[in-house]
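For reference, the structure discussed in these notes is given below.
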Amino acid sequence: MNIATLPVVSRDNLRDAILSHLAYSFGKTPETAQTQDWRMALSYAVRDRMVEAWFDATRRTYDAGAKRVYYLSMEFLIGRLLEDGIVNLQLLDQARGALDELGLDFANIVGDEPDAALGNGGLGRLAACFLESLSTLGCPAMGYGIRYEHGLFQQSFAEGRQMEAPETWLLQRHAWEFERPESRYRIGFGGSVSDEAGKAVWTPAVEVDAEAFDTPIAGWQGKWVNTLRLWSARAVHPFDLDSFNRGDFEGAAQPEALARTISRVLYPDDTTEQGKELRLKQEFFFTAAALRDILRRFDSEYDDPGLLPSKVAVQLNDTHPAIAGPELVRLLHDERGLPFDDAMGIAQGCLNYTNHTLLPEALETWSEGVFGKLLPRHLQIVDRIDDAHAKANPSRSLSIRADHQVHMGELSFIMANRVNGVSALHTGLMKETVFEELHALHPEKIVNQTNGVTPRRWLLSCNPRLSSLITDTISDGWVADLERLQELEPHVDDAAWSDRYAEAKRANKADLASWLSDTHGLKVDPEAIFDIQIKRMHEYKRQHLNILEAIAHWQEIKDNPSADWTPRVKIFAGKAAPGYFFAKDIIRLINDVARVVNADPETRDKLEVIFLPNYNVTLAERLIPAADLSEQISTAGKEASGTGNMKFALNGAPTVGTLDGANVEIRERVGAENFFLFGMTADEVDARRAVEDHARKAIEADPRLARALKAIGDGVFSANEPDRYANIVENLSGHDYFLVCSDFSDYWRAQREVDAAFADRSAWTRMAALNTARSGWFSSDRTIRGYMADIWDAKGLV
Ligand code: F58
């Protein structure tokens, strides 16, 4: 089959397929079917439409002898897949029609799907956007990760405090996966290494099986379908018969329970030592399985391992799969007998590494003890890599193994053909800071690939009103070529068009307002500015700067309640790592402020504060189209890129933000006049930190800041426990590493500029529309084209 013969699917075809799956795949009649059964039947009917193109993609890749790209990532934050699949296969009208005919509500059915939260935040969501773009561009590719039984924890609040509960998406059948019991690899841990006639032989102490589960990922228009292959851990022997026969039933079940621990749960962070060992196990587990799978596929086509770099590109998403370096060397050298230097050269020709953070505490290191215990042979190989690198670069002073630690950043860098940062600023800083010495030795290695987001999910699907306006105006070519949004520019000064743009935003805000009312009992004024900060909770992201400004704003409104204030609804959402107590305090503070401020009749119609629980992909899809203002306020130099910032700009929410990450490039593209800039630059941040008592000085210089901090310290928001936030106040007025106080005054100024700008509605709409028209460059299609050209040397086949 080729693209030209893709079958047309009518509403009736789809209805029949749904009914057929309901009966024959799930054994239900329409009378007995529950929402979940209908949702599964619809998912299977849609999935069926992907399968031909999926087979076809594999066939064409083999026929072309094409280079394949493998994206190794601990996290794929894919969210819901049903609506995405329907949109990409252009089956929206048919699906709505078919469900209508069956007396079912489309939103209710697609809303029944669990949100697959197999990731923490930006890094995992980026991987999911990349998979979709790889398919859209017809690049032969495969994602490899872990099939976590439990994704990112569910967040709720008890008296404002974050509570965590296990996430349970796999309690129901996963509609999109195909189990592949035949694709199993045995993965070893621990044990010892012996020397047999000059050959190192690793005898692991423990072994588990990695079993594959495949999810098809269809690109735009379903022309190409790649695979996301997730590994699940299984015991080599399902249970211990001897123990069972002795009546020791618990002991009998232990091997399976222990093995499954490896793929049981996504790490929300890596804090405890005990936990760390399991995380290294997870990393090796999925990376080793992926490499074995990659080599098996390669072997089925080629005999000469020297061809690997021209046929295989492996992308390491952060250092989590960095063990791929030593493992690939081990497979080629120990198991296939290639000379060590050749094995290392081949591995270096295949592997590439993306760095996502410069925060020192987030750069992975393993103690030699843990590493050597779990992966004794790999530790030896790390040493040989260090030696080889030292020999080739005698001037160098760094090593992978230093201070009794194995440094995964250095390992990834040395073993990679290309190393990339995720925004222009971040890539520049990488060269000057974490990888300064390695960059001097290998100046050609570091390249930039500014992140992007898929326009199919983050505009077409989540914002149908704006999408229709865009398609009515410039036709639908923008979906596959987002830079065509530029063609909207001539329309922004057309009053009738501008009214339609404003109407789309107004209707999105009204939808959000009714959802907030229905699901959370919150009443918001859709005329107010919807000011949104949604992301992981972290000090560097500075949600506390935002809430401090809200407090000062509230105080100022109370001083002068009859002034002409621009009404504002401030919305927050985000999870804190369970062991990150400062971030959890910030959540509680925001909830406490919300309680007090929202109950104040004097300010009620001017300012409202909301913290929505359990932020996830689905909630982002609901909030972003309704946003007026995007909060991107990290301390300059700390946010590697950000991708939420791109989604907001694309959906017509101008940014209030610092010169950090991709904000810099967003501002360059949308225009400085359509971006509310504030705060210090990365260089100024470094200089300011060196100033003695910088926080105290900033507080003395700004009475608003002093008053807001005092209110927190006095217990205005925690009357029954006045010193609840002593830690936050102490931090901000003392060390203030993230320079909240130093940036406060300028943030306040920028926010008042936002108020004034929003009061002029037509000028605001123009600004919002220009954000949309000029954000096309932030498509992940553009990013993936960059990886294909500059890193992978891979070609698309559609
Ligand atoms: C994020 N990193 C960056 N890490 O912070 C963000 O600036 C960037 O846009 C994004 O990557 C994509 O490049 C990130 O999300 C994590 O989630 C870690 C995963 C491992 C555990 C600790 C968090």
Side-chain angles (χ1 to χ4, degrees), residues 71-77 117-130 145-146 148 151-153 265-272 275-276 278-280 282-283 286 315-322 353-365 408-409 419-427 429-430 448-454 458 534-542 574-580 583 615-617 620 632-649 657-658 660-666 682 778 780 783-784 786-787:
Y71 199 82
L72 268 59
S73 179
M74 279 287 267
E75 306 192 359
F76 287 93
L77 190 43
L118 309 185
N120 275 286
L123 172 153
R125 183 53 234 175
L126 185 77
C129 283
F130 278 7
I146 298 178
Y148 300 107
L152 189 62
F153 67 86
V265 39
L266 167 78
Y267 263 80
D269 205 0
D270 38 355
T271 37
T272 60
K276 276 202 134 189
L278 178 57
R279 186 168 170 97
L280 181 56
Q282 289 186 331
E283 294 183 356
F286 95 95
Q315 193 65 34
L316 309 178
N317 195 24
D318 214 289
T319 55
H320 316 142
Y353 155 54
T354 305
N355 172 281
H356 296 270
T357 184
L358 302 173
L359 297 182
E361 69 272 23
L363 294 172
E364 278 190 307
T365 59
M408 303 308 261
V419 175
N420 77 285
V422 289
S423 73
L425 177 72
H426 166 66
T427 301
L429 290 172
M430 258 168 76
N448 178 55
Q449 297 298 341
T450 299
N451 284 166
V453 302
T454 166
W458 295 109
I534 44 176
K535 48 183 81 244
R536 276 302 276 256
M537 300 300 297
H538 205 292
E539 286 165 276
Y540 84 78
K541 295 179 188 279
R542 298 199 296 193
K575 295 177 183 177
Y580 191 174
Y615 179 53
N616 58 17
V617 174
Q632 309 299 337
I633 62 176
S634 50
T635 316
K638 295 295 176 195
E639 188 69 89
S641 161
T643 45
N645 47 2
M646 300 166 186
K647 296 167 194 167
F648 279 106
T658 48
D660 200 13
N663 291 357
V664 176
E665 289 153 270
I666 292 176
F778 297 99
S780 46
T783 314
I784 288 298
Y787 278 82

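Counting convention: from 1, in listed order, for ligands and their atoms alike. Residue numbers run from 1 in the order of the sequence given. Predicted, not measured: the structure shown is a model, and the values here were computed from it.
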Query raised in the report: Should one rank Leu123, Val453, Asp318, Asn355 by closest heavy-atom distance to atom 4 (N) of ligand 1, which comes out on top?
Result: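 The residue whose heavy atom sits nearest atom 4 (N) of ligand 1 is Leu123.
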
Query raised in the report: Can you name the residues that form a ring-ring contact (aromatic ring centres under 6.0 Å, His included) with His356, not counting sequence neighbours?
Result: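 Applying ring-ring contact (aromatic ring centres under 6.0 Å, His included) to His356 gives none.
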
Query raised in the report: Looking only at heavy atoms, what is the nearest atom pair of Met646 and Ala662, with distance?
Result: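 In this case the closest contact between Met646 and Ala662 is CE-CB, 3.5 Å.
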
**Report entry** Smallest separation among heavy atoms of Lys541 and Arg536, with atom names
**Finding:**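 Lys541 and Arg536 have their closest heavy atoms at CD-O, 3.1 Å.
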
Flag the pair [X] / [Y] as yes when at least one side-chain heavy-atom distance between them is below 4.5 Å, and no otherwise.
X      : Y      : value
Phe648 : Gln632 : yes
Ser73  : Phe130 : no
Leu152 : Pro268 : yes
Asn317 : Phe76  : no

Query raised in the report: Is the distance between the ring centroids of His538 and Tyr580 under 6.0 Å?
Result: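 Yes, the ring centres sit under 6.0 Å apart.
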
Heteroatom proximity flag, [X] to ligand 1, N/O under 3.5 Å:
X      : result
Leu126 : no
Tyr540 : yes
His356 : yes
Gly642 : yes
Tyr267 : no
His320 : no

Near [X], which atoms of ligand 1 are under 4.0 Å from a heavy atom of that residue?
X      : result
Glu75  : 19 (C), 20 (C)
Gly122 : 10 (C), 11 (O), 12 (C), 15 (O)
Ala640 : 7 (O)

Report task. Measure the distances from the heavy atoms of Asn451 to every atom of ligand 1 and state whether one is below 4.0 angstrom. Result ->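 So Asn451 counts as touching ligand 1.
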
Report task. Could you establish whether Gly661 and ligand 1 come within less than 4.0 Å of each other, counting only heavy atoms on the residue side? Result ->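 Flag not set, Gly661 not near ligand 1.
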
For ligand 1, does [X] get within less than 4.0 Å through its side chain, its backbone, both, or neither, judged by non-hydrogen atoms?
X      : answer
Arg279 : side chain
Phe130 : neither
Thr354 : neither
Arg536 : neither

**Report entry** Flag for Thr354-Asn420: side-chain donor and acceptor within less than 3.5 Å
**Finding:**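 Their side chains do contain a donor-acceptor pair, which is all the 3.5 Å distance test asks for.
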
Query raised in the report: Excluding sequence neighbours, so at least two apart, what forms side chain to side chain contact (heavy atoms under 4.5 Å, CB included) with Ser634?
Result: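 Only Tyr540, Glu639, Thr658, Asp660 meet the side chain to side chain contact (heavy atoms under 4.5 Å, CB included) criterion with Ser634.
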
